[in-house]
Asker: 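One structure, as structure tokens, below. Some questions next.
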Amino acid sequence: KAGVTQTPRYLIKTRGQQVTLSCSPISGHRSVSWYQQTPGQGLQFLFEYFSETQRNKGNFPGRFSGRQFSNSRSEMNVSTLELGDSALYLCASSLEQPQETQYFGPGTRLLVL
Amino acid sequence: SQQGEEDPQALSIQEGENATMNCSYKTSINNLQWYRQNSGRGLVHLILIRSNEREKHSGRLRVTLDTSKKSSSLLITASRAADTASYFCATDAGSQGNLIFGKGTKLSVKP
């Protein structure tokens, strides 16, 4: 099976702009989780989607949003970008539950200038 | 908030030596997982150990879990330069049903 894919791999934006990141999970996986990774804060949970519904959400401001489509593909959006949003954004998929083994994509590295 | 905390933060060893990393956590768990991340890339799942298991092996990896001490260890035997990476433990104790990752141990294996 193909692994988790994320596009784009690299992105440069300026403050105030918005960005959309995409994630395609492993075929048959219905749970998709998103994480933000920074050197200072480590891996932080953003949200998790299952069957097109946001099932879990981390402690991030409302500027961070996401959605999941009927084919389980997921997107996350960050509006009004801030310098502190510069990070590696990782998507992970699992069969049903996020607490089980997660399979990660390569990540999207976002730089906000 | 961080649930798992790895120790040490960084570890440097020679090829062929064993590497041991520890993880401590705060609340009760159903399972604990270890992941590896090569520089700036996605995480790769290594092993999952459930709360009713004490030890698990996978190739050169050995994981132990002590729920009474709320701690786990990852042992990599006969390390190779290719094992150079960051290693994270993750517990399923997230209040939102998510995994919580520690900040990782950065392992450097010198040839």
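A, B, ... follow the sequence lines: proteins, then strands. Residue 1 opens every chain. All values below come from the heavy atoms of this structure, side chains included, with hydrogens, waters and symmetry mates left out.
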Asker: Where on B:Leu43 is there a heavy atom nearer than 4.5 Å to chain A: the side chain, the backbone, both, or neither?
Answerer: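 For B:Leu43, backbone and side chain are both near chain A.
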Asker: Where on A:Arg9 is there a heavy atom nearer than 4.5 Å to chain B: the side chain, the backbone, both, or neither?
Answerer: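 Neither part.
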Asker: Check the angle between the aromatic planes of B:Phe88 and B:Phe101 and answer parallel, tilted or perpendicular using the 30° and 60° thresholds.
Answerer: perpendicular
Asker: Would B:Lys103 and B:Glu5 satisfy salt bridge (Lys or Arg N to Asp or Glu O under 4.0 Å), going step by step from the backbone distance to the final call?
Answerer: CA-CA 6 Å; B:Lys103 292 205 171 183; B:Glu5 290 191 10; over 6 Å; no
Asker: Run the salt-bridge test on A:Arg63 and A:Asp85 with the 4.0 Å N-O cut-off and return the result as yes or no.
Answerer: yes
Asker: If you tally heavy-atom pairs under 4.5 Å against chain B, which of A:Gln6, A:Gln97, A:Glu100 wins?
Answerer: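 Of the options given, most contacts go to A:Glu100.
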Asker: Counting C-beta onward and ignoring hydrogens, is there a side-chain heavy-atom pair between A:Met76 and A:Leu46 closer than 4.5 Å?
Answerer: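 They are in contact (side-chain heavy atoms under 4.5 Å apart), so the answer is yes.
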Asker: Counting only non-hydrogen atoms closer than 4.5 Å, does A:Thr101 touch chain B with its backbone (N, CA, C, O), its side chain (CB onward), both, or neither?
Answerer: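 For A:Thr101, heavy atoms of backbone and side chain both lie under 4.5 Å from chain B.
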Asker: With only heavy atoms counted, which part of A:Tyr103 is less than 4.5 Å from chain B, the side chain, the backbone, both or neither?
Answerer: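 A:Tyr103 has no heavy atom closer than 4.5 Å to chain B.
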Asker: Find the distance between CG (B:Leu11) and OG1 (B:Thr105) and round it off to the nearest 0.5 Å.
Answerer: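 So the gap between those two atoms works out to 7.5 Å.
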